[in-house]
Amino acid sequence: MQISVTIRGEDILLKTHACGDLRSEHIGQEVTLAGWVHRRRDHGGLIFIDLRDSRGLAQVVFDPEDAPDAHAAARNVRGEYVLSVTGEVVARRGSTENPNMPTGEIEVRAASVEVLNAARTPPFAINEETEVEELLRLRYRYLDLRRERMQRNMRIRHRTVAYIRRFLHERDFIEIETPILTNSTPEGARDYLVPSRIQHGSFYALPQSPQQYKQLLMVAGFERYFQIARCFRDEDLRADRQPDFTQLDLEMSFATEEDILALFEELFTGLVREVRPDAKLVTPFPRMTYAESMRRFGTDKPDLRFGMELCDVSDLVASSEFGVFSNAVKSGGVVEGICVPGGAEMSRKQVDSLTAFVQGYGAKGLVSIALLGEGAVDTLTIEDVKSPVAKYLSEALVRGVAEKMEAKRGDLLLFVAGEGGKPKLDAGSAQRVKPALDGLRREVASRLELADPNTLHYVFITEFPLVEWSDEENRWDALHHLFVAPFDEDLPLFETDPAAIRSRAYDAVCNGQELGSGSVRIHQREMQERVLRLLGISDEDAQARFGHMLEAFEFGAPPHAGFAPGIDRIVAQLAGEEDIREVIAFPKTKSGADPMTGAPSPVTDEQLEVLGIRVVEEREEP
RNA sequence: GGCCGCGUGGUGUAGUGGUUUAACACGCCUCCCUGUCAAGGAGGAGAUCGGCGGUUCGAGUCCGCUCGCGGUCGCCA
């Protein structure tokens with residue numbers, strides 16, 4: 001490595017070695033390092049500077065007797081100054097070695113130093129991992145990225161993407177780019193729109209995913225496509241959602257569910273072993289149908305690192321004296337619960353806070369039953385039960401419920417009841433029970449630290465419903481998207497019971513987080529039209545919006561299937577981060593802003609003029 | 001859109017029974033110091049407590065509104 005630059009009319013050699021790469025094998029060599037002042041220790045005589053570059057740290061010693069000019073220069077140097085230092089690599093004297101750093105056996109005795117740039121005192125410490133308010137980190141993201149955590153995360157991200165590209169290349173997939181300026185599809189998420197200058201009043205949309213393009217690439221005969229694709233969805237943000245995010249988009253012709261799932265099991269397994277060899281991986285990846293996942297966990301993205309599965313006790317409590325339970329069941333609703341192992345010791349206050357927690361999910365309340373005492377559960381008496389509603393409970397009921405939930409003494413049973421016949425969003429409706437218990441299950445696990453943070457428990461969820469009823473729009477809505485193929489044997493249900501149609505869609509889930517989804521696609525015009533009709537899309541509408549897809553299917557479209565896991569979430573899990581913002585170089589805040597560039601921002605009247613756009617002033621509602 | 005939390009020197013926090021020079025650590029500045037590596041020692045500067053309004057003799061502290069950030073429900077095919 002030889003990097004030089006012209007400064008003040010002189011050619012200056014900036015760098016011959018990387019700081020972090022120096023080892024005892026370099027002893028005796030004269031090297032030139034370039035990097036940032038990580039830390040400076042001024043002893044009045046000797047000055048030590050830890051110089052940092054992208055490879056790591058090296059200690060540079062400035063000795064006034066060796067090199068008075070360099071020493072004098074080093075006195076004025078401060079943190080984050082950019083230096084080029086030339087000197088000899090020497091062995092450290094025995095007691096001054098630093099076993100805590102990779103370069104700790106050596107140091108560089110500075111002969112000369114060039115200050116390439118000074119630096120203001122940074123707004124937060126670069127050289128230590130202190131917590132800093134996220135807004136400030138984002139405003140100075142280029143400084144935040146300089147810190148160790150983000151340097152590490154960005155490198156994990158690079159290795160992940162590099163692994164994926166190599167893996168798929170070796171299996172004959174080719175990477176093809178698709179347009180960022182594309183067409184709006186008023187299904188699914190809200191689109192980001194880009195006005196057309198040439199055609200006033202018309203807009204491009206940024207792709208929510210390259211879905212249509214990748215299917216058309218299958219029609220085009222590439223057979224195996226992938227792309228590390230940027231996708232855009234204009235919806236409210238979360239810790240695992242950004243307005244623009246990255247997906248591994250993949251499509252394969254002549255493939256079935258099994259081909260895709262096997263491919264991704266191999267990919268994820270290899271990826272974890274490559275990037276996180278220390279992580280515990282559960283293999284082979286379990287498969288679970290949507291119906292089973294909903295029944296056992298109340299969600300389509302279950303965290304399998306711990307138990308506490310949901311248990312439906314409706315039949316056992318139907319005739320209970322406890323009105324909340326019996327009325328729920330009588331009205332066609334349900335009573336379900338979970339068993340918290342060892343939870344009987346939970347305080348009243350803790351249980352109360354769990355009640356408030358499930359109410360946040362629209363549950364009416366939470367009924368707790370603590371099982372106390374010693375011995376088998378079939379010896380339980382009413383004296384062994386601690387519950388706010390104990391007086392309504394019979395010994396037989398508690399025994400029956402405890403037995404069905406496989407509870408032991410010392411456990412805490414938590415129940416949520418929901419009445420039938422209520423609209424989905426009403427508090428206490430039966431449809432709120434599963435989401436509430438899913439939330440409760442994860443909350444309890446988090447409080448009791450039941451989920452091993454070092455385990456990656458993948459699971460494939462299969463056989464999603466094709467459609468669900470939308471009260472808002474008063475029609476059937478695609479659960480996944482419009483192009484998912486239904487199971488052949490469920491076709492008769494189109495006329496009789498659309499909600500029961502299973503689709504050939506699948507999700508990859510890890511530790512309770514959805515990593516991505518995919519499906520076998522429709523590849524025949526007639527089937528596609530049938531699905532569009534089910535969704536209440538008129539033939540004219542279908543022709544206008546999806547005519548190109550329908551037409552393509554008439555020209556020898558092969559059967560095909562695909563998948564699209566989110567890169568940001570995968571990397572976050574591999575990096576052990578909770579928030580995908582920690583693995584994105586320049587993320588946006590929850591309100592979709594970039595505090596560094598100030599985006600989004602107003603544009604000039606001239607810019608709007610060319611686009612034929614007028615901004616409407618926002619008015620207060622009366 | 002709903003609910004919840006947070007906002008105090010450059011950074012991270014303390015201070016909320018109302019009245020005090022608003023405290024501590026790190027950082028920063030000056031001086032001393034030749035083997036440190038979270039160097040050490042001495043001294044110093046630096047916050048009108050996110051903003052506006054209100055209650056009060058008196059507000060960092062209480063109330064209302066507002067802005068920003070975050071979490072969550074809805075939403076996210």
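We name chains A, B, ... by the order of the sequence lines, and we start the count at 1 in each one. Side-chain atoms are counted along with the backbone in the values below, which use heavy atoms only and exclude waters and symmetry mates.
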A:E134 has an atom CD; how far is it from atom P of B:G12, in whole Å? 12 Å
Roughly, in whole Å, what's the span from CD in A:E131 to P in B:G7? 15 Å
Counter-base of B:C69, judged by Watson-Crick or G-U geometry with both distances under 3.5 Å: B:G5
Under 4.5 Å between any side-chain heavy atoms of A:C19 and A:L57, yes or no? no
May I ask you to check whether A:F62 and A:F48 place their ring centers less than 6.0 Å from one another? no
Restricting to nitrogen or oxygen on both sides, can you table the protein-nucleotides 38-45 of chain B pairs closer than 3.5 Å?
{"from": "B:A39", "atom 1": "OP2", "to": "A:R39", "atom 2": "NE", "distance (Å)": "3.3"}
{"from": "B:A39", "atom 1": "OP2", "to": "A:R41", "atom 2": "NH1", "distance (Å)": "3.4"}
{"from": "B:A39", "atom 1": "N6", "to": "A:D42", "atom 2": "O", "distance (Å)": "2.8"}

Do the ring planes of A:Y290 and A:F464 sit parallel (below 30°), tilted (30 to 60°) or perpendicular (above 60°)? tilted
A:T589 side chain near B:G68 phosphate (N/O to OP1/OP2, under 4.0 Å): no
For the C1' atoms, the ones on B:U36 and on B:G51, what distance do you get once it is rounded to whole angstrom? 47 Å
Should the side chain of A:R120 and the base of B:C28 be counted as holding a donor-acceptor pair, with the cut-off at 3.5 Å? no
If you go through the side-chain atoms of A:E107, does one of them form a donor-acceptor pair with the base of B:G35 closer than 3.5 Å? yes
Using a 4.0 Å heavy-atom cut-off, does A:S209 contact any base of the nucleic acid, only the sugar-phosphate backbone, or nothing at all? base
Over all strands shown, is A:E578 touching base, sugar-phosphate only, or nothing at heavy-atom distances under 4.0 angstrom? nothing
For a quick check of understanding: with a heavy-atom distance under 4.0 Å over all strands, which category does A:A125 fall into, base, sugar-phosphate or nothing? nothing
Is A:R432 touching bases, backbone alone, or none of the nucleic acid, heavy atoms closer than 4.0 Å? sugar-phosphate
Give a yes or no on whether A:E129 atom CD has more than 12 heavy-atom contacts from other residues, nucleotides or ligands under 6.0 Å away. yes
Give a yes/no on whether any side-chain N or O of A:R581 is located under 4.0 angstrom from OP1 or OP2 of B:G70. yes
Looking at every strand, decide which applies to A:R109 at a 4.0 Å heavy-atom threshold: base, sugar-phosphate, or nothing. base
Span that lies between the P atom of B:G74 and that of B:C3, in whole angstrom: 16 Å
Looking at A:I522 and A:L482, what are the two nearest heavy atoms and their distance? CD1-O, 4.1 Å
Between A:L138 and A:F124, whichever has its closest RNA chain B nucleotide further toward 5' is A:F124
Check every strand shown and say whether A:E65 touches a base, only sugar-phosphate, or nothing at a heavy-atom separation below 4.0 Å. base
Nearest-nucleotide wise, let me know which of A:Y361 and A:S591 is further upstream toward the 5' end of RNA chain B. A:S591
Test item: A:Y142 and A:M596 side chains (from C-beta on) under 4.5 Å apart, heavy atoms: yes
Would you indicate what A:D579 reaches in the nucleic acid, counting non-hydrogen atoms under 4.0 angstrom: base, sugar-phosphate, or nothing? sugar-phosphate
Provide the closest heavy-atom pair for A:L135 versus A:P595 in the form atom of the first, atom of the second, distance. CD1-CG, 3.8 Å
Residue pair A:H17 / A:L22, side-chain heavy-atom distance below 4.5 Å: yes
Mind calculating the distance between CG (A:D568) and C1' (B:C76) to the nearest angstrom? 15 Å
Taking atom C1' in both B:C63 and B:G46, what distance in whole Å separates the two? 32 Å
Say we look at B:C62 and B:G17: how far apart would their P atoms be, to the nearest angstrom? 8 Å
If I pick the P atom on B:G50 and the same atom on B:G12, what distance separates them, to the nearest angstrom? 13 Å
Heavy atoms only, 4.0 Å cut-off, all strands: where does A:R238 land among base, sugar-phosphate and nothing? base
How many Å lie between CD on A:E582 and P on B:G70, as a whole number? 11 Å
Write down the distance separating the C1' atoms in B:U61 and B:U20, rounded off to the nearest Å. 14 Å
For the base of B:C76, is there a side-chain donor-acceptor partner from A:R241 under 3.5 Å away? yes
With a 4.0 Å cut-off on heavy atoms, is A:E97 in touch with a base, just the backbone sugar-phosphate, or nothing at all? base
Rounded to whole Å, CD of A:E80 lies from P of B:U11 at a distance of 16 Å
Rounded to the nearest Å, what distance is computed from the CD atom of residue A:E235 to the P atom of nucleotide B:G74? 13 Å
Rounded distance (Å) that lies between atom C1' of B:G10 and atom CZ of A:R78: 16 Å
B:U55: pairing nucleotide in any strand, Watson-Crick or G-U under 3.5 angstrom: none
What's the gap between B:C52 and B:A45 when it is taken at their C1' atoms, as a whole Å value? 31 Å
Hey, are the side chains of A:F245 and A:R230 touching, using non-hydrogen atoms and a 4.5 Å cut-off? no
Quick one: A:D234 CG to B:G1 P, roughly how many Å, whole number? 13 Å
Categorize A:F48 for me: base, sugar-phosphate, or nothing, with a 4.0 angstrom heavy-atom threshold over every strand shown. base
Please name the nucleotide paired to B:A23 by Watson-Crick or G-U wobble geometry with both distances under 3.5 Å, or report none. B:U13
In the structure I gave you, are the side-chain heavy atoms of A:P302 and A:I461 within less than 4.5 Å of one another anywhere? yes
P gap between B:G43 and B:C24, integer Å: 13 Å
Over all strands shown, is A:L237 touching base, sugar-phosphate only, or nothing at heavy-atom distances under 4.0 angstrom? nothing
So what does A:Q59 hit on the nucleic acid, given a heavy-atom distance under 4.0 Å: a base, only sugar-phosphate, or nothing? base
